[in-house]
Each structure stands twice: as structure tokens, then as C-alpha cells.
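Every heavy atom of this structure was used, including side-chain atoms; hydrogens, water molecules and symmetry mates were not. Keep in mind that this is a model prediction, so the values were computed, not measured. Residue numbers run from 1 in the order of the sequence given.
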Amino acid sequence: MAKSDVKVLGSWPSQYVMRARIALNIKSVSYEFLEEKLWESKSELLLKSNPVHKKIPVLIHGDKPICESLIIVQYIDEVWSSGPSILPSDPHERATARFWAAYLDEKWFPSIRSIGMAQGEDARKTAIAQVEEGLVLLEEAFGNCSKGKPFFGGDQIGYLDIAFGCFLAWLRVTEKISGIKLLSEANTPALLNWADRFCSDAAVKDVMPDTEKLAEFGKMVIAKMRGAAPPK
């Protein structure tokens with residue numbers, strides 16, 4: 001398929017944009033990456049392609065837009081079915097992967113954001129405890145899903161690997177800025193090793209943001225958000 005037939009509207013710091021790019025890389029699909037500088041303005045193409053949420057990522061296949069990162073990953077898996085499977089074939093395993101992906105988006109990653117935004121030491125400790133509690137649950141989930149293999153998806157990166165792995169860059173940034181170790185040999189040895197394998201995979205390493213660069217971006221975002229927050 002011609003590269004111009006597949007486009008990804010996104011921004012380099014976005015964990016959710018990473019999901020679409022990794023899935024396309026797994027399927028060996030060539031695509032054009034169109035950088036959106038959201039801190040400046042949103043392009044007309046983005047507003048036209050995702051008029052409801054006006055957010056990235058957007059996958060444009062032909063002239064048809066697909067929105068929301070996990071929906072995009074599922075779409076890629078279904079359309080380019082000749083490549084390696086991303087979603088598990090077993091219905092229960094597929095449901096389990098979707099459950100944990102929803103947990104990551106709805107509960108765990110918001111806790112990561114709360115660490116950087118915490119006002120006061122008590123709020124910071126509470127956010128850190130929530131993140132650590134979630135990692136213990138995910139450590140157990142990795143054992144159940146992987147069945148002793150390298151990834152949540154088995155021998156290769158799958159749906160839950162993508163859903164979780166896209167947060168690793170921000171996890172590293174959080175560790176760097178806060179001075180705490182969230183993934184550790186003591187508490188989450190399996191996840192620690194999985195993270196190294198995930199980040200070094202050919203489908204991932206070229207789209208994983210640099211920690212230092214991402215940390216500088218994160219500091220800018222936090223400063224802007226705190227500046228925009230109403231006084232208490």
C-alpha cells in the first residue's frame with residue numbers, strides 16, 4: 001500500500017499516538033506521520049478528521065479517519081490481518097487484555113499524572129501509593145497473561161503490551177523528576193524486564209520518546225497547567 005494512503009496525525013510526546021505507530025510497525029505498514037503542535041494550534045485536518053473530540057491520534061486510511069488510540073489499534077489489527085496478530089484470538093484472553101487496557105487508561109495513568117501535579121507532600125505520597133498499588137496488580141496480570149513468555153501477548157508484542165508500554169516513557173520521566181523508583185527489581189521484577197524488552201523491540205524503539213526531551217516537555221506542561229489552575 002502506498003505510504004500516502006495511511007497517515008497518522010499525532011505529536012511526538014503523546015503516549016496515545018505511540019499506540020497507533022507501534023501497531024502499524026508490527027504490521028509493517030508504511031505510513032506518513034503528520035506532526036501536530038498542539039501547544040500552538042490544531043490543524044484544520046485534525047479538526048476535520050476528529051470533529052467530536054478534536055484530539056490525537058487520528059489514523060487516516062485512504063480518506064477515512066479513525067479516532068481513539070485503542071480503537072485505532074484494533075482497526076489496524078483487523079485491516080492488516082495478514083501481519084502478526086495484535087489482539088489475542090481466544091475470546092477470554094481478548095476480554096482480559098481489553099479490561100487491563102481500560103484500567104490503565106481510566107485509573108492507573110491518571111495516578112501517574114497526579115504525582116507531577118500534586119500540591120503538597122501528602123497528595124504526592126497518595127498518588128505514588130496509587131501508582132505502586134497498580135503496578136503490583138499489573139505484575140500479577142503479566143504473569144497470568146504472558147504464561148511465562150516475554151510479553152503480555154506471548155512471544156511477541158500484543159494489545160496489552162501496546163496499551164501499557166506507551167506509558168513507559170512518562171513513567172521514566174516521573175521517576176526522574178520525583179526521584180523515586182516505581183519499576184524495581186524488588187517489587188516488580190517481571191515488569192522491569194518486560195519494559196526493557198518492550199522498549200528495545202524493533203516496532204517500538206524508533207517511536208519511544210527520549211526521556212530527557214520528554215522531561216523538559218513535561219515540566220513545561222505542568223507549569224502551564226498549574227498556571228491555569230484557579231487559586232484555592
Are the side chains of [Y] and [X] in contact, using a 4.5 Å heavy-atom criterion?
X: Cys199; Y: Leu168; value: yes
X: Leu59; Y: Leu24; value: yes
X: Ser69; Y: Val17; value: no
X: Val52; Y: Cys67; value: no
X: Glu212; Y: Lys176; value: yes
X: Pro209; Y: Met18; value: yes
X: Arg98; Y: Gln74; value: yes
X: Val29; Y: Val79; value: no

CG of Asp90: more than 12 outside heavy atoms within 6.0 angstrom?
yes
Are there over 12 heavy-atom neighbours, none belonging to Glu140, within less than 6.0 Å of that residue's CD?
no
May I ask you to check whether [X] and [Y] place their ring centers less than 6.0 Å from one another?
X: Phe151; Y: Phe198; answer: no
X: Phe152; Y: Trp194; answer: yes
X: Trp100; Y: Phe164; answer: no

Whether the side chain of [X] engages the backbone of [Y] through a donor-acceptor N/O pair (distance < 3.5 Å, no angle test) should be reported.
X: Asn193; Y: Pro189; result: yes
X: Glu36; Y: Ser43; result: yes
X: Lys7; Y: Phe33; result: no
X: Arg124; Y: Ala118; result: no
X: Glu175; Y: Leu183; result: yes
X: Ser11; Y: Ser14; result: no
X: Asp77; Y: Ile86; result: yes
X: Lys42; Y: Lys54; result: yes
X: Arg94; Y: Leu87; result: no
X: Glu132; Y: Leu182; result: no

As a quick check of understanding, evaluate salt bridge (Lys or Arg N to Asp or Glu O under 4.0 Å) for Lys147 and Glu93, giving each step before the final call.
CA-CA 12 Å; Lys147 300 180 176 67; Glu93 291 179 2; 3.1 Å; yes
Give a yes or no on whether a salt bridge exists between Arg21 and Asp206, defined as a side-chain N under 4.0 angstrom from a carboxylate O.
no
Value rounded to 0.5 Å, distance of [atom1] in [X] from [atom2] in [Y]:
X: Leu171; Y: Cys166; atom1: CG; atom2: SG; value: 11.0 Å
X: Asp63; Y: His61; atom1: CG; atom2: NE2; value: 10.0 Å
X: Gln15; Y: Leu104; atom1: CD; atom2: CG; value: 11.5 Å
X: Glu216; Y: Ile177; atom1: CD; atom2: CD1; value: 8.0 Å
X: Leu135; Y: Trp108; atom1: CG; atom2: CH2; value: 5.0 Å
X: Ile72; Y: Ile162; atom1: CD1; atom2: CD1; value: 12.0 Å

Residue pair Trp12, Phe217: steps toward the ring pair (Phe, Tyr, Trp, His ring centres under 6.0 Å) verdict
CA-CA 10 Å; Trp12 70 266; Phe217 177 81; 5.7 Å; yes
If you group Ile, Leu, Val, Met, Phe, Trp and Tyr by side-chain heavy-atom gaps below 4.5 Å, do [X] and [Y] land in one group?
X: Leu47; Y: Val8; result: no
X: Ile71; Y: Phe99; result: yes
X: Val136; Y: Tyr103; result: no

Relative to each other, are the rings of Phe109 and Phe167 parallel, tilted or perpendicular (30° and 60° limits)?
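Parallel, since the angle between the ring planes stays under 30°.
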Here's a test for you: under side-chain contact (heavy atoms from CB on, under 4.5 Å), which of Asn25, Asp5, Ile76 qualifies with Tyr31?
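The residue from Asn25, Asp5, Ile76 that satisfies side-chain contact (heavy atoms from CB on, under 4.5 Å) with Tyr31 turns out to be Asn25.
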Heavy atoms only: give me the nearest [X]-[Y] pair and the separation to one decimal.
X: Ala203; Y: Ile26; answer: CB-CG1, 3.8 Å
X: Leu160; Y: Ala101; answer: CD1-N, 3.8 Å
X: Asn50; Y: Lys55; answer: ND2-O, 2.9 Å
X: Lys205; Y: Ser200; answer: CD-O, 3.9 Å
X: Pro13; Y: Leu214; answer: CB-CD1, 3.7 Å

Please test Arg197 against Asp161 for salt bridge (Lys or Arg N to Asp or Glu O under 4.0 Å), starting from the C-alpha separation and ending with a verdict.
CA-CA 11 Å; Arg197 288 191 295 271; Asp161 296 283; over 6 Å; no
Steps toward side chain to side chain contact (heavy atoms under 4.5 Å, CB included) verdict (Leu192, Glu185):
CA-CA 7 Å; Leu192 187 65; Glu185 189 65 46; 3.7 Å; yes
Applying side chain to side chain contact (heavy atoms under 4.5 Å, CB included) to Asp105 and Tyr16, what does each step give before you reach the verdict?
CA-CA 10 Å; Asp105 280 5; Tyr16 303 113; 4.0 Å; yes
Evaluate the criterion side chain to side chain contact (heavy atoms under 4.5 Å, CB included) for residue pair Ile128 and Ile180; output intermediate values, then yes/no.
CA-CA 9 Å; Ile128 291 171; Ile180 55 173; 3.5 Å; yes
Yes or no on side chain to side chain contact (heavy atoms under 4.5 Å, CB included) for Ser49 and Ile60, after CA distance, side-chain angles and deciding distance?
CA-CA 8 Å; Ser49 301; Ile60 300 177; 3.7 Å; yes
